[in-house]
Every structure is written in C-alpha cells, then in structure tokens.
Amino acid sequence: MTSFTNKVVVITGGNSGIGLATAQAFAKDGAKVVIFGRDRESLRNAAETLGANASAIQGDVTKAADLDALIAHVKKTHGRIDTLFVNAGVAEFRPVDLADEAHFDKLFDINVKGAYYTVQKALPLMGQGSSIVFTTSGAQELGMAGASVYGATKAALRSFARTLSADLKDRGIRVNAVSPGPVQTPIFGRMGLSHEQIEGFSKEIAGQVPMGRVGQASEIAAAVKFLASDGAAYITGASLPVDGGMTTL
Ligand code: NAD
C-alpha cells in the first residue's frame, strides 16, 4: 500500500465518527491531515489526538465563506491537496408525509450542495495523481422506509463520483465513493432518538446485515485509504460498498 508520508489529506467531518477514524488512519501513516467540522470543541480534541502534523478548521459546508477559509488555510499551510475526503453529512429519517421543506432543504444543503462546493473550491489545489472520495451510504441502493430524502442525497453523491470522474480524468484526478452500511458512530445520537431507541435501532439494523453486525469506523477508513492509494490508480467513478454484504448479498 502507498505511503502517505507528507501527503496532504483534507477531511470534512473529520472531527467525529468515520471522518475522525479516517483522519487517524492517514495521520498514523505520516499524512498531513486537515480536518473541517462544525463543532469547535470536538475539532480541538480531535486535532490533539492527531498530533503535530494535523490542523483543524471550524466551519459549515453550507457556507461558502467557511469553505473558502478552509481552502485558504490548506493553500497557505501545505500548498496542495493529495486526498480530499468529502465526508461531512447528516442523517435524518422521515416518512414521506412528514418530510417537510425544512427537512428536505437541510439534507440537500449539507449532504449534496455542501459536498459539491467542497470539491469545486478544493480543485485549484488538486493536481495529477490526487483523488477525491465521497461518503455515500447503503441507503442509496436500498428502499429503506423513511429514507427517501437521505437516500436521494447519497444517490446524488454517487452520481457526482461518476460525473466528476469524467470531468477530471484529463487532469489526472480520480473520484470515487465509499458506501458504508450501518456503522457505530455518534450519528445515531444526532437523530433525536432516546438511548433505548438507539440501542433498538442498532440491534434491528445489525439483523439486516448479512455479516450480522454493524461496522466500525476504522473499517470505512481502511477502504478510503485504499481508494486514495496508488493501489487504486486504475479505479475511478466507482462506489465501494463496505457494509457487511447489506447491499451486495
Ligand atoms: P458523525 O455524526 O459522527 O459525523 C458527521 C460529521 O459531519 C461531523 O464531523 C460533523 O461535524 C460533520 N458535519 C455535519 N454537518 C456539517 C456541516 N453543515 N458542515 C460541516 N461539517 C458538518 O457521523 P458519521 O457516521 O461519521 O457520518 C459521516 C458520513 O458517513 C456522513 O456523510 C453519513 O451520512 C455517512 N454514513 C454514515 C453511516 C453510519 O451508519 N454511521 C452509514 C452510511 C453513511
């Protein structure tokens, strides 16, 4: 596997869950990691665990000025981006009758628009041999009740991985997606569910996974590292399911 020593890796949502585990995996391999997220305290704590080569920028992917500040920081500190992990996202589930405009706009603003402009603004720092990985979800493939809006946001990202691959292939930039199944992260606690409901949800969803368990964030991180590595040099426009067989069996 490629050495990531001194590679510059930018991770949105790098202060929690899958993003943080991925930041840790890259930092362990010597990468210079820049994490971006909304919550100041968890960003500070995350940056501390990542060590001297890491830095953290607070911001919101739906705000153009915050993305500009992230890119300006990366340009000034490192001058380039080798891997962009477009991972920030929120999950909320509503049956169609209860999916009001606020729910729809929130999910599309963060998960889709935020992701698209993260890429657009990062591109001037990306060159030959660099790559982009989106975090999508098994919800883009499955007909999960209550996931009409969330699943559509992730299907949009899956589409970006294809279309942006075509846009960027002549610049030597690969674009792929990692598609997690259910993974134990703080995201379950942000859905407005009680502790008991989260336990019940985790158990129920684990029962739907052919491998019989939810995933670990480190297992998604390993797939992201592979997609960013030279070992994946001939892979672009792909979506890699890391879901215990949930969408593949
Ligand atoms: P998490 O809640 O631990 O992390 C989400 C991250 O996104 C946080 O760091 C948060 O700061 C960031 N974020 C959210 N809104 C933001 C905004 N407006 N601006 C900037 N940052 C923002 O959850 P996670 O499970 O690690 O989720 C990471 C990604 O994985 C998400 O895109 C999620 O949809 C996807 N995913 C998660 C699972 C799962 O079961 N955990 C499954 C499939 C896909």
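From a predicted model like this one, the values you see are computed outputs, not experimental measurements. Just follow the structure's listing: the first ligand is 1, and inside any ligand the first atom is 1.
Closest heavy-atom approach to atom 42 (C) of ligand 1 among the candidates G181, P182, S137: G181. Closest heavy-atom approach to atom 32 (O) of ligand 1 within the set N87, T135, D243, I187: this belongs to N87. Among G59, S16, G89, G17, the residue whose heavy atom lies nearest to atom 5 (C) of ligand 1 is G89. If you check each of G189, A21, P180 against atom 43 (C) of ligand 1, the one with the closest non-hydrogen atom is P180. When the heavy-atom distances from atom 40 (O) of ligand 1 to I220, V183, I35 are ranked, the shortest goes to V183. Among V214, T136, T12, the residue whose heavy atom sits closest to atom 44 (C) of ligand 1 is T136.
Partner P180 forms a side chain to side chain contact (heavy atoms under 4.5 Å, CB included) with one of T185, V224, I18 and no other, that one being I18.
The backbone N or O of G30 sits nowhere less than 3.5 Å from a side-chain atom of K7 that would complete a donor-acceptor pair. The closest donor-acceptor contact from the side chain of D230 to the backbone of A233 lies at 3.5 Å or more, if one exists at all. Judged purely by atom type and a 3.5 angstrom limit, T136 uses its side chain to pair as donor or acceptor with the backbone of V178. Using modelled atom types, no side-chain atom of R190 and backbone atom of A91 make a donor-acceptor pair closer than 3.5 Å.
What sits closest to atom 10 (C) of ligand 1 on the protein, heavy atoms only, is N15 OD1, 4.1 Å. Annotation: atom 2 (O) of ligand 1 to nearest protein heavy atom, R190 NE, 2.6 Å. Atom 6 (C) of ligand 1 has G13 CA, 3.7 Å as its closest protein atom, hydrogens excluded (heavy atom only). If you check which protein heavy atom lies closest to atom 36 (N) of ligand 1, you get Y150 OH, 3.7 Å. Counting protein heavy atoms only, atom 22 (C) of ligand 1 is closest to A88 CB, 3.7 Å. The protein atom (non-hydrogen) at minimum distance from atom 16 (C) of ligand 1 is R38 NE, 3.4 Å. The nearest heavy-atom contact from the protein to atom 37 (C) of ligand 1 is I18 CD1, 3.8 Å. Among protein heavy atoms, atom 18 (N) of ligand 1 sits closest to D60 OD1, 2.9 Å.
Heavy atoms of K63 stay at 4.0 angstrom or farther from ligand 1. Using a 4.0 angstrom heavy-atom cutoff, I110 counts as in contact with ligand 1.
The shortest N or O to N or O distance between V61 and ligand 1 is below 3.5 Å. Considering backbone and side-chain N/O of T62, none are found under 3.5 Å from N/O of ligand 1. At least one N/O-N/O distance between T185 and ligand 1 falls below 3.5 Å.
By the neighbour-count criterion of 12 heavy atoms within 6.0 Å, atom NZ of K121 is densely surrounded, having more than that number from other residues, nucleotides or ligands. For R94, the CZ atom counts as densely surrounded, since its 6.0 Å shell holds more than 12 non-hydrogen atoms of other residues, nucleotides or ligands.
To the nearest 0.5 angstrom, T163 atom OG1 is 9.5 Å from R158 atom CZ.
By the criterion of side-chain heavy atoms lying less than 4.5 angstrom apart, applied directly or through intervening Ile, Leu, Val, Met, Phe, Trp or Tyr residues, L20 is not grouped with F85; the two fall into different hydrophobic clusters. Cluster membership check: L168 shares its hydrophobic cluster with L157, using side-chain heavy-atom separations under 4.5 Å among Ile, Leu, Val, Met, Phe, Trp and Tyr. Cluster membership check: F134 shares its hydrophobic cluster with Y150, using side-chain heavy-atom separations under 4.5 Å among Ile, Leu, Val, Met, Phe, Trp and Tyr.
Near P186, meaning under 4.0 Å from one of its heavy atoms, ligand 1 places the atoms 3 (O).
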- request: Could you walk me through whether I11 and V33 pass side chain to side chain contact (heavy atoms under 4.5 Å, CB included), step by step?
  value: CA-CA 8 Å; I11 302 179; V33 179; 4.2 Å; yes

